[in-house]
Structure formats: structure tokens, C-alpha cells
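Before any comments, here is the structure.
Just so it is clear, the model here is predicted, and its values are computed rather than measured.
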Amino acid sequence: MPALTPRFDQFQDRHLGPDAGETADMLATINASSMAELMDQTVPANIRDHKDLDVAPAISEYYYLQHLKGIAKRNKVMRSFIGMGYYNTVTPSVILRNVFCNPGWYTQYTPYQAEIAQGRLESLLNYQTMVSDLTAMPVANASLLDEGTAAAEAMSMFFSVRNKRVKGEPVSVFLVSDLVLPQTIAVLETRAEPLGIKIEVGPVSEFDFSGGRVFGMLLQYPGANGQVEDYRELVAEAEKAEVFTIVAADLLALTLLTPPGEWGASAVVGNTQRFGVPMGFGGPHAAYFATTDKYKRQIPGRIIGVSQDRHGDYALRMALQTREQHIRREKATSNICTAQALLANMAGFYAAYHGAEGLIAIAKRTHHFTVMLANALTQGGFTLGADHYFDTLHVEASPEKVAEVRSRAETEGYNFFYPEEGGIRLSFDESVATSDLFAVCRIFGVELDYQGAELDSLGGIQGVNDQLPTSLIRTSDFLTHPNFKDHRTETKMMRYLKRLENKDLSLVHSMIPLGSCTMKLNAATQLIPVSWSEFADIHPFAPIEQAQGYKLIFSELEKDLAEICGFTACSLQPNSGASGEYAGLMVIRAYHRDRGDEHRDVAIIPESAHGTNPASAVMAGMRVVVVKSDEAGNIDIEDLKEKVAEHKDKLAALMITYPSTYGVFETGVVEICETVHAAGGMVYMDGANMNAQVGLTSPGRIGADVCHLNLHKTFAIPHGGGGPGMGPICCNEALAPFLPGHPLQETGGLKATKAVSAAPWGSASILLISYAYIKMLGAKGLKAASEYAILNANYIAKRIENHYDVLFQGEQGRSAHELIIDLRPFKSVMSAGDLAKRLIDYGFHAPTLSWPVAGTVMIEPTESEGKEELDRFCDALIAIRAEADAIARGEADAEDNVLKNAPHTIAEVTADEWTHAYSREQAAYPLAYLRQGLKFWPSVGRVDDGYGDRNFVCTCPPMEAYSE
């Protein structure tokens, strides 16, 4: 990119919260003479990097958008009928504008705090209901990452269930239909090998359940070649042999076909992308996972359920929030952390906007266009690979004919799929037009006998006969709840979306001070291009020659991320932080195996680590050994050395988070890495806290070999109510050859491991956000972001130090980018949960609750918040301390007080009768700033955290049934 004349409106000034005057005041408050002195006091000298990062100089937002428009022109948006799990879709404009492009929806955090998340909880409950109804399964989760990993999660879940009580050799064979999508098979193979699962791929006609060796099978419905088969007899046979049936199903097809839940499936998985979510060269898209009630406690990911608040009124919450790895750690069966909530919301709203009738009409029209093409092809002399199909045709053709058709197609601007085994495959979707039908027939050289026709009563085309098996025509109803009937006009849908948005606290209201989660500014300029057609409407398996704009962005982003990390190589494929952890460990595993060290399988992990760390290690086939922390929260180096010595011959990796999970730059980190390397192990660094490293130090500088980066934290991708996330990995030269590959695009190293995600570059479209973040900040801005993250955290620590104890500060009394405050001294009058709920009354989201230390909260202000907002937050914390003191002194009732009853709803505060021992004003307006338009009203009172049967109602119920 040529040098550009600077503009006055630099993004750094828009992104960083404190201005020059505020910075000076804050430095004075914390007794630091300058930002440089603060950095010297915070980051150990032996790991400081004083040279500028080798990234391009910052460009303004205006110049950046012009620059990106030029890159976008390098992408060639063809009419894509590739299919293979990814389809053109029509995003309703009301959803595009009011959800996808709305910070009130995309800046929300995961709904762990139910009282300020009732809007997104209802939306996700709609999503679960949609999935349950369409699959005819009683329980569905609130989304997973993609179809491939959803299938892999089902495989590992049933492997665990089947072998839970098996003594001796586990039942380890998993049968996979050869009609399963190839990217799914690749992810299955990656996941299976470390767990000792043996995958056998072949025709279902050859499946053999004898001998008690098979625990499960995976079917594709319809198959990758379009074939719609009746699997009921096969499933019944499998059930007799105690074999679990997993079905990867197309939800749009299930509006017409008998759902797997009605023919005995144990679990149904798939992707909801074609429900209004653009392809985006691979993502993000919400995968779904549905199963029977029997396995609701084993299901990976999050489940939304019905509960009640303290007034006995209907309320929603995360009912079975199986971030189970945080509890079970190395005994967990899944490392799932990030979901795809924003995209699940879009898919759920798409279903609500169209309703059952609309979805059936879309499916009918799509199917009938496919039938008309099939008739033209067969009349023109072509042979099809399936008698019964929904939207996909496999056309048998000689290599010469394939080449001829491909040449014509690409000349006319069309992409089809060309399987390795030969032939041509194409899939229609809701975007197909009559002009497309004529064009495709012309490309194949066949005549189309079609003069135009009216729609039939179901939205299909009059005179066109279905080509679905009569035994598999769906007869059951779906989407019968009022939420899928009441919002069919744009006026109603617009108001419904706004009504739900108003129930939720997001970054449009106030800071979200979640430690380790880094809820920083998600700038509009970074997000705008994600919806541009040149990026949104490209199929992930389109020829890379048509995606040269994406290729350039990937190349530059990989280079910049590797530079920031102090490494030489990068893979953008992992589509979540936990996926990045797993990918990094699999690369380490491949490195050891390549050297003949298959026996190296021990992962040493600090007890303070994220729960995903030990879960990922076990999934990667490693045995977890825990190392203790010392009183300062650092890794106990003596204990580490003892563990390394004990497992020296089998040591594979150390997993560390830096700065530590306790928000401290450990001074012994170099010695720690050297100790592991001396024993032949590799060091994996969890990048959750990179927000404090960029431009100041790096994983390479401390001695790590590989790290993952949470792009939805440090690099500004929005959390979207619980996803999307991205977790690329960067590594050194030793590990670079083993970066993950993909069966349908060229990615990875020379000795690439198999795919960890269904799409070659993960959720490619949102990589634009991090690309923009780096381009608009440049080297100086990236470093400044880290500096201000550290300044803001230390400012909060100083302001509240006379009111709360701050745990685990560094050797010179400084916090990194986050801090932990201890609430255990107040446990007789105030729990950490009480503080969290009371902060809602003050207009704030709670910090991270009781993690990594029970009875504490962890605060991360990020660099995007200015002094005024930080002061409001500190004032709230100080006021809450005073409220706790009033209870301790007996001035406030021990039970009926503002802390125990928080949060307070507007209905309660304005009720005719007020029975509390404190005033309405103290409940709702405890500080003056709340009267300045900064008041957030929760829509429900404190939500019941119990796990009664009520919490397992995980589809949309009649609301009146849960009110008293």
C-alpha cells in the first residue's frame, strides 16, 4: 500500500478512552510520573521489547475504507451453486439493519447475568425452539461453531457415554457415511485420533454393527450428492446393537422431510447458515446440536431455559450452562466456550419473520427449481446420481464434459462443485431466479421447457412434482409458538427486535468490566465492510483465484499477527479461542510425533488456568499434570521444576496464560519456559490476556513456542452476545510445518495436521475486523492500546484501594490489564453475587464473578473507556461498599436490603405499595449520575439460580404458564 498523507482524525484518538488531560490526572493519581514509568513498573525488564512493531503505519478511518474498497474489488462474486453446506441466502433487511449491523446486538456479552440479558435469552430460546421443532428432538443448545465441529462434539459425547462403564478396551469404532460432507469428515478425523476413536468411512449399505465394536454412526440427510434416503431400518438395527445414530441434517430440507427425531436419531447436528446468514467465505455461522432429553446434561455448549425471578415472574436464564470445563477441567468431554450467538439470533429471527409457512415456501420453491433443472438435464441426456433429492443434483459426466461445463460456467459467472471422484454437483437455494435456471441449462447445453407458472398453495411452482420419497414427506407441525407467528410484517418485527434489545445491557449503555473477556470498543468502521457483498457473498470453496482480496487480507493479517506475537507463522483456521487452544496443542503433538517422540503426552497446566486449557489438553490426547500457584498468584517455580523432573521423558507441553490469570506479569516466566524446553517440552501460551502484551512484549519474547489469539478480545471482534469468536494460532519455525490444512482449499504447513474447523480460514469475514484494527492503529497505536489498558486497570485499583483489597499485584504493586478484588471479607453481609446484581442498579454489567478465585470479582476496564466512565464505575463500587458497611453496622436490615434485593425493576419501584426498609430512591437512584440518562432498568428481578425441573424447559413455552 503506498504511503498516504496523514489526516487529523486518527483512529487511535477515537479508540482510546482517556485524552491527554485525563491521562495526566490518572498518572498522578497512581503516582506514576509518565506512561513509560508505569510500563517499567508493570512489565518485567527482561521481557520488555522496546523496538516498534514491524506493521504498517496507521491510516485514518476514511483512508482505510477507501483502501479496503480497492481490496474488495479483487474478490470476484460469482453466482454460487456450490452447496456443500454453504448457500446463498436472503437476509431480511429488517434483521440486517437492526441486528447484524446494530451495536445494541453485537456488543452484548454472553448472557451469564440473566437480569440484563432477557432479550438475547429470548432470542436464543427462539433459536433452540426452531432447532428442536425442525429436527423433532426435545433438547437443543444455543449454538456451536460449525457443522464439522458439531458432528465431532456429538461423536466424542457418545464415545464418552458408551464407554463410561466399560471395563477394558473401549468400544471405539465410529462409522461415517461416504455421503457426509468432506470438511466434516476431516474435522472428525482430527478429533478422533487423539481420543483413540477409529473412523471407518463407507457406504451405509456396508455398515456392520456386529461384534460390539461400534459405538456410533454419522449420516448426512440429504447426502452430499443430494440423495435423500430412508434410514429408518438402518437406525433400528443400530439401536438393537447399542449404536448411537448422529444425523447431520439440512434444516431447510427438514421443512419438507420427516425429521430425524421421528425416525430414531440420538442426535441431530448441522448448520443454520442458510437461515439468513451470509456465507462470508466460511463464517461465522451458527451450528446446531439437538439430542434427546436423556443426554441434556452431556450436551456441549449452552442451553437457555425457563426460570423465574424473585417475584415469581417468568424469567429466562442459562439453565444448563455447560461451560462444564470450568468445573470438570481435565475430566470434561468438551472444551466448547464460545458459541455463535449473534448468528444464532439472526437465524432465529429469520425463522420468526418467515414462520413455518414461509420456510416451507422457500424450501418448495428451491426444490421445484431443482426438479425443473433435473428434468431438463435428464431429457438432455445426462444421468443423475440420485432418484430422490431436495436441492442438490450430482450430474455424472466424463472428465472432458466436466472441463467443458466448468469453462462455460465460469465464463458466465457461475460456480458449481467438482468432486474429486468425478462429475458435477450443484445446489440451488432461496436466491435462485428463473434467469439462473435458464443460464445453468445453457451452460449444460440442454433445453428448458418452461413458460412460467404460478405458485401453488405451499409456495412451490404449479405443475412441478416433488422428487422426495413419499415415505419421508413431513407430516408433523413446527414453529407453532406465537413468537413464530406474531412478527410477520416489518413493523412488527422491527418493534420486536427493539423490544428485546431494550432488555439487554451492552456497550451502547456503559462499560462492561469483565476480567479476561476484554469488552473493548468494536468500531463501526471495522464492522461496516463485513456486510459488503464482495466479502459476504463468497463461498468458502470458491476457487481461490476468485478471492484474491481475501487472500491478500489473510496474508497481511497472518504476517502482522505473527509479528505481534514474536513468531514466524500463523493459521487463521481455528474459529474460537478454545479451538485455537486445541489447534496449538495438536501442532505440538504433531511436532513430537514427527520426531519419533509419540510417548510425549504430558501437559503441565497451572491450577489457575482457564478451564478450557485442561479440557483442550485431554481432547488432544494429553495427560494433565497440575502445577500449584504461590501466594502471589504466580506459578510455583519449585513445584513446576519438580513436576518437569518427574515427567521429563514424557513431557509434551506446558500451558500458561500471560499475563497470568490473576492479572500479573510473572517475573519468572523466562525461567519457566527454559525449564520446560530443557526437558524436551514445548510451551503453549494462552492468548486470553494479549491485551496487555501487544507492543510491550510477546509470546516469542517470553519463550513460548505457540499461542492462540482471541480476536474477539484483544483484536476487537465483537462478542455478539456470546460469539462469534476467532482463535488463530501463531508459532515459531519449529512448529510452522504442522499448522492445520483443509481438504478443499490449500492451507497449513508442509506437514499439515488435519482441519480443526469446517471452513479453511475459519470465520473468514470477521477477520476483516481485526485487519482493520491493526491497520488503523499501526505500531504506535497498538502499543498505546496496551499501555492504556494497563493504566486504566491501575487507576481503578488506586481509586478503590481504601474500600476493597486488590489481590495479586506485581512486585512493584502494579496490576496488568485487569485486577481482582476480594469480597470474602464481606461474606457475612454481601456475596460476590450480591455485588454483581447491585451493579445493575448503578447501570453496569458485573465483572467476572468468582473466577479465578471464589468470592472475588475480576475487573478489566479495557483501553477504550475514558476517565469519566471509570470514575462512575469506581463511585458505584465505593457506594456498594458503603451499603455493605451499613448492613454490618446494623443500620440496614440483614435480609431486606438493597444488596440482597438487587436488581430493582421499574415495576417494583413504581408499585403502589413499597414494603422495603429502604427508600425507592436508594433502590433505583443511589448516585446522582443515574438521573442523567444513564439509568438502565432490568426487565426482571433477581433470577432464580436453582436447577429445578423448571430450568430444563428449553423451548418456547406459553409465558403465562410460568408466571404466578
Side-chain angles (χ1 to χ4, degrees), residues 30-32 38-47 326 513-518 605-611 613 626-640 654-672 685-693 696-697 702 713 786 789-827 832 835-836 846-862 870 873-874 877 881:
I30 66 172
N31 299 316
L38 176 59
M39 295 307 107
D40 288 342
Q41 294 171 349
T42 307
V43 186
N46 65 328
I47 63 166
H326 283 297
L514 284 154
S516 189
C517 295
T518 317
I605 302 177
E607 63 182 3
S608 63
H610 290 84
N613 285 182
V626 177
V627 62
K628 296 185 294 187
S629 300
D630 62 21
E631 292 182 357
N634 299 321
I635 292 175
D636 186 323
I637 294 181
E638 291 308 311
D639 186 49
L640 172 76
L654 166 72
M655 298 184 77
I656 58 170
T657 301
Y658 200 75
S660 76
T661 307
Y662 294 138
V664 176
F665 280 98
E666 299 185 38
T667 56
V669 67
V670 173
E671 182 184 0
I672 288 168
M685 197 205 84
D686 184 315
N689 294 340
M690 274 296 293
N691 206 37
Q693 279 199 51
L696 300 174
T697 184
I702 70 172
K713 294 183 180 183
S786 299
I790 292 170
L791 173 63
N792 285 0
N794 281 279
Y795 179 72
I796 289 177
K798 189 67 177 178
R799 277 228 44 206
I800 65 173
E801 67 177 359
N802 294 327
H803 307 275
Y804 299 92
D805 291 332
V806 177
L807 301 179
F808 309 124
Q809 291 178 299
E811 289 187 353
Q812 298 190 54
R814 297 301 189 188
S815 299
H817 62 304
E818 59 191 5
L819 61 145
I820 297 173
I821 61 174
D822 193 357
L823 300 178
R824 291 170 295 186
F826 311 104
K827 63 182 180 181
L835 180 137
T848 299
L849 188 65
S850 286
W851 186 84
V853 180
T856 69
V857 292
M858 182 162 61
I859 298 167
E860 181 180 2
T862 84
L870 299 179
F873 179 66
C874 291
L877 289 176
R881 166 64 198 269

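- Distance CG/Leu640 to CD1/Ile672: 6.0 Å, rounded to 0.5 Å.
- In terms of modelled atom types and a separation under 3.5 Å, the side chain of Asn792 and the main chain of Thr862 share a donor-acceptor contact.
- In this structure, Leu849 and Val857 have side chains that are in contact, with non-hydrogen atoms separated by less than 4.5 Å.
- Applying the salt bridge (charged side-chain N to carboxylate O under 4.0 Å, His left out) test to residues at least two apart or on different chains, the pairs with a partner in residues 790-802 are Lys798-Glu801, Arg799-Asp871, Arg799-Asp875.
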- Message: Please evaluate residues His817 and Asn689 with respect to the criterion side-chain contact (heavy atoms from CB on, under 4.5 Å), reporting the C-alpha separation (whole Å), side-chain torsions for both, the decisive distance (0.1 Å), and the verdict.
- Response: CA-CA 8 Å; His817 62 304; Asn689 294 340; 3.3 Å; yes

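- Using a 30° and 60° split on the angle between ring planes, Phe665 and Tyr658 fall in the perpendicular class, above 60°.
- Partner of Thr856 under the side-chain contact (heavy atoms from CB on, under 4.5 Å) criterion, chosen from Leu819, Leu807, Thr848: Leu807.
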- Task: Dump the intermediate steps for side-chain contact (heavy atoms from CB on, under 4.5 Å) on Leu696 and Thr42, then the final yes or no.
- Result: CA-CA 10 Å; Leu696 300 174; Thr42 307; over 6 Å; no

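- Note that CG of Asn613 and CD1 of Ile605 are 5.5 Å apart. Values are rounded to the nearest 0.5 Å.
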- Would you please test Asn634 and Tyr662 for side-chain contact (heavy atoms from CB on, under 4.5 Å) and show each step? CA-CA 8 Å; Asn634 299 321; Tyr662 294 138; over 6 Å; no

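- The CZ atom of Phe808 sits 9.0 Å away from the OG atom of Ser608 when rounded to the nearest 0.5 Å.
- Summarising the geometry, atom CD belonging to Glu666 is positioned 7.5 Å from atom CD1 belonging to Ile656; distances are rounded to the nearest 0.5 Å.
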- Take Glu860 and Ser516 through the test side chain to side chain donor-acceptor pair (under 3.5 Å) and record every step on the way to the result. CA-CA 7 Å; Glu860 181 180 2; Ser516 189; 5.9 Å; no

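- Residue pairs meeting the salt bridge (charged side-chain N to carboxylate O under 4.0 Å, His left out) criterion with at least one partner in residues 810-822, sequence neighbours excluded, are Asp822-Arg824.
- Between the OG atom in Ser815 and the CD1 atom in Ile30 there is a gap of 10.0 Å [rounded to 0.5 Å].
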